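In this text, all values refer to a predicted model and were calculated from it rather than measured experimentally. All values below were derived from every heavy atom in this structure, side-chain atoms included, with hydrogens, water molecules and symmetry-related copies excluded.
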Amino acid sequence: MASPRDTSAPPLARYRKKRDFSITTEPPVPTSEAPATARKLGFVVQKHWASRLHYDFRLELNGVLLSWAVPKGPCYDPSKKQMAVHVEDHPVSYAAFEGTIPPKQYGAGTVIVWDHGTWEPVGDAVKGMETGKLVFRLHGEKLAGLWELVRISKPDDKQDQWMLFKKRDEWARPLAEYDVIKALPDSVVANPLGLVEEREPRAARQSRTEEQNIDLSAAVHAPLPAKLEPQLATLASSLPRGGDWITETKLDGYRLLARIDKGKVRLFTRNGHDWTAKFPALTVAIKALPVVAAWLDGEIVVLKDGIPNFSALQNAIDRRNNQDIVFFLFDLMYLDGEDLRKVPLWARRAQLAALLENAEEQLLFSQNFDAPPAQVFEAAAGLGLEGLVLKRRDAPYESGRTESWLKAKARLRQELVICGMTGRGGKSGEVGSLLLGYYVGNKLHDAGSVGTGWDAKTARDLWNRLIPLEVDATPFDLQVTKARRWSRRAAGSERWLKPTMVAEVEFAEWTADGVIRQSSFKGLRLDKPARSVVREGGRTQLPEPSPQLKITHPERVIDASATITKADLVRYYASIAESMLPHLKDRPVALVRAPDGVAGDLFFQKHAERTAMPGLSAHNRELWPNHPALLTVDTADALLSAAQMNTIEFHTWNSIVRQLDKPDRVVFDLDPGEGVKWKHVQEAALLVRTLLSELDLKSWLKTSGGKGLHVVVPLTPELNYMTVKSFSQTFVRHIAKTIPERFSAISGPANRLGKVYVDYLRNGKGQTTAAAFSARARPGMGVSMPVAWEQLADLKSGAQWNVQTAREYLSFQSRDPWVDFWSTRQSLSSAIERLP
């Protein structure tokens, strides 16, 4: 059989030979498939659970998808070299394939589209494949930036082995800080169990693929403007829910505009200061662009470990040799006699990208991400980036601050006026802290201080820069008097300064009196006038913000048998909170807590009298007279709060608090006794379902997370607990009497030996059952997983998934098997009459 290196074999011959297209649903080989010309080349990463989980990495080239199997998947850490086995080419149409490849077929298993987008080879891709070194840029929904594939196998090796790794750029990130495989496990085209962020309208996304021609019809023929004020973004308190936005990274640098006029280049700050002389290398690179006259907009940065670093930028600016500075360009306002400011943003950027195609390495196009803003925002925050800039796709370029450009801050960070300083250790020569402020109207407000974020060299440099600004009295008009930050310093240690210098500061929060806490100095803002500094808002919020995880004692092992830590458990509940909450909300809950892990003492908590858990709802005691207040878990914060307090299991009532005495479901817990084979548990579940169907009752299935299965019947809440429990008892006794060799209606080990005990007692008032998605407090920490009846035959046990594997399984599910459970309402009245 031909190997992937064999160029003499017909295109896609190996792909065709490996598959029986009368059985598999994979796309067949097309009769003809022309190479991409007018459109950009596509790429796809398919998550493939065959005999083992791996990732299929595919790049479109010359009418096929070049394909590699990557066992561990892509990684943003440049130090991680991931094995990639070059396999047979696939048809381009395979990029859209999601589904299950049938058993006994090549690659049998489930496939989802984990990421997709476009890619750009750096250099000649065909030659790169021949020589075994392929460098390229990805523009996906999860993967971005510069990557490389390098062949490591010898010509006579059985497998054509390569290494896939991330090149160092603004997207590179250590694995310890961000694991894209774990952070974003789901399909980018499906909506598995509601775990994927809501996507943009299909029409808006489709329009992107149709834009093959750059529409500059709104351009105005005009002379080159002598000056141009930049467009500024408005801080967004939350990400937009709708609209058509271009999403870019918010870069941690200095805004810079470039003006080109017949080969002469000038560089301006946002306030119009001419900084051309500071950047001779950038000036040369811009001069080499194939234009006569232009205005370009962008941000200069220095990348450190692949991330823009403001301090490193400032150090580079201070040096004459500043080759490390790169200029990320994001807009083009004028080009060769045409004013483009009325041209829609997408077209201006397309023209800019074309202009930069063969530019010097110091000039980079600021890429945008064709993905939901919330998804990109979380990824950017995980990478430690400052945030995002969102721009309306069809908006013109407007000088000044507008709402067609929004900035979304992942961290609290802003410019503050330097109003004073103290010496390190109370001595002169090195800055120990900076006293900061901001303007409220025309009055300067005390903002607190910053005392970290610099080394000794920077401390001396700051002192030398600031001491010429010293004045006799405080410049503040509005002071925080009773809680002044410098009351903890030696009296008189502060040295007041003329408020003309500006510092960039990152901090944890604003206090109620308008002072920053837990601050860190990032650098001086030489491009921003002090009088423009005002207090900005807080972090940008997601439309439905994900819970913030602050895990206490994350390293504590709670299940030594599987080396599961508290961090594993809390992160599991965070990842499935959206799916689990419908099963918890408004239902009285009993919590199984394990302070010493699953091997230690366990105890139930049903009421609020024990250790308080922030976020849980405690209800009026009159709901259940003579009992303590009932608890419910109604939000993700409450779920994680309980997990933080060592809760492993969540058990719920069969009714909600608003109709406490009228259950809206019946649960049959199938618990196998000693010696019962798993296939008999499966048969028992089918028999229970069959009898329920004969009574015109629909039922749903889930694993228990332990040895058995749960069959759940939704009800119209009209009958009381006594009636519902009586029905379930009669039902179980009937099935045990009909098939006594398989079923027992009596609890106790001796009564269920070799039989399946169907527990009806869970249908009484105050009784509970482990909720869907709940972990179990036993070795292995299985999970109660909702499944479709069609999956029953493939189940291996009631604990098939645990807290370490459940999330991976859910990422492959394109549809919630219980989606119709919530809308199904059925009465027991007829079933009670018909049951023998």
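Closest heavy-atom contact between A562 and Q804: O-NE2, 3.5 Å. When all heavy atoms are compared, the tightest approach of K182 to P185 is O-CD, 3.6 Å. Residue R778 comes nearest to V598 through the heavy atom pair N-CG1, 3.8 Å, listed as atom of the first residue, atom of the second, then distance.
With hydrogens and angles left out, the side-chain atoms of E98 and S187 include a donor and acceptor closer than 3.5 Å. Judged purely by distance below 3.5 Å, without hydrogens or angles, the side chains of T565 and E555 never pair a donor atom with an acceptor atom. In this model, a donor atom of one side chain and an acceptor atom of the other lie less than 3.5 Å apart for E141 and H116. Defined by atom type and a distance below 3.5 Å, a donor-acceptor pair is missing between the side-chain atoms of E360 and Q362.
L795 places a side-chain heavy atom less than 4.5 Å from the side chain of L709. Residues R173 and V180 have side chains not in contact (no heavy-atom distance under 4.5 Å, counting atoms from C-beta outward).
Under the 6.0 Å cut-off for aromatic ring centres, W147 and F136 do not qualify, their centroids lying 6.0 Å or more apart. Taking the six-membered ring for Trp and the full ring otherwise, the centers of W114 and Y55 sit less than 6.0 Å from each other.
Taking NZ of K18 as the reference point, atom CG of L12 lies at 13.0 Å (rounded to 0.5 Å).
When atom types are taken as modelled, the side chain of S811 and the backbone of D186 share no donor-acceptor pair closer than 3.5 angstrom. Checked by atom type and distance alone, the side chain of R349 pairs as donor or acceptor with a backbone atom of F330 at under 3.5 Å.
With sequence neighbours excluded, the residues satisfying ring pair (Phe, Tyr, Trp, His ring centres under 6.0 Å) with F97 are Y94.
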ring-ring contact (aromatic ring centres under 6.0 Å, His included) evaluation trace for F21 with Y15: CA-CA 11 Å; F21 295 106; Y15 174 84; 5.8 Å; yes
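Salt bridge present: E26 and R19 bring a charged side-chain N and a carboxylate O closer than 4.0 Å.
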Atom pairs and distances, side-chain donor-acceptor, residues 64-73, under 3.5 Å, sequence neighbours left out:
| from | atom 1 | to | atom 2 | distance (Å) |
| --- | --- | --- | --- | --- |
| S67 | OG | R58 | NH1 | 2.9 |
| S67 | OG | L65 | O | 3.1 |
| S67 | OG | H90 | ND1 | 3.4 |

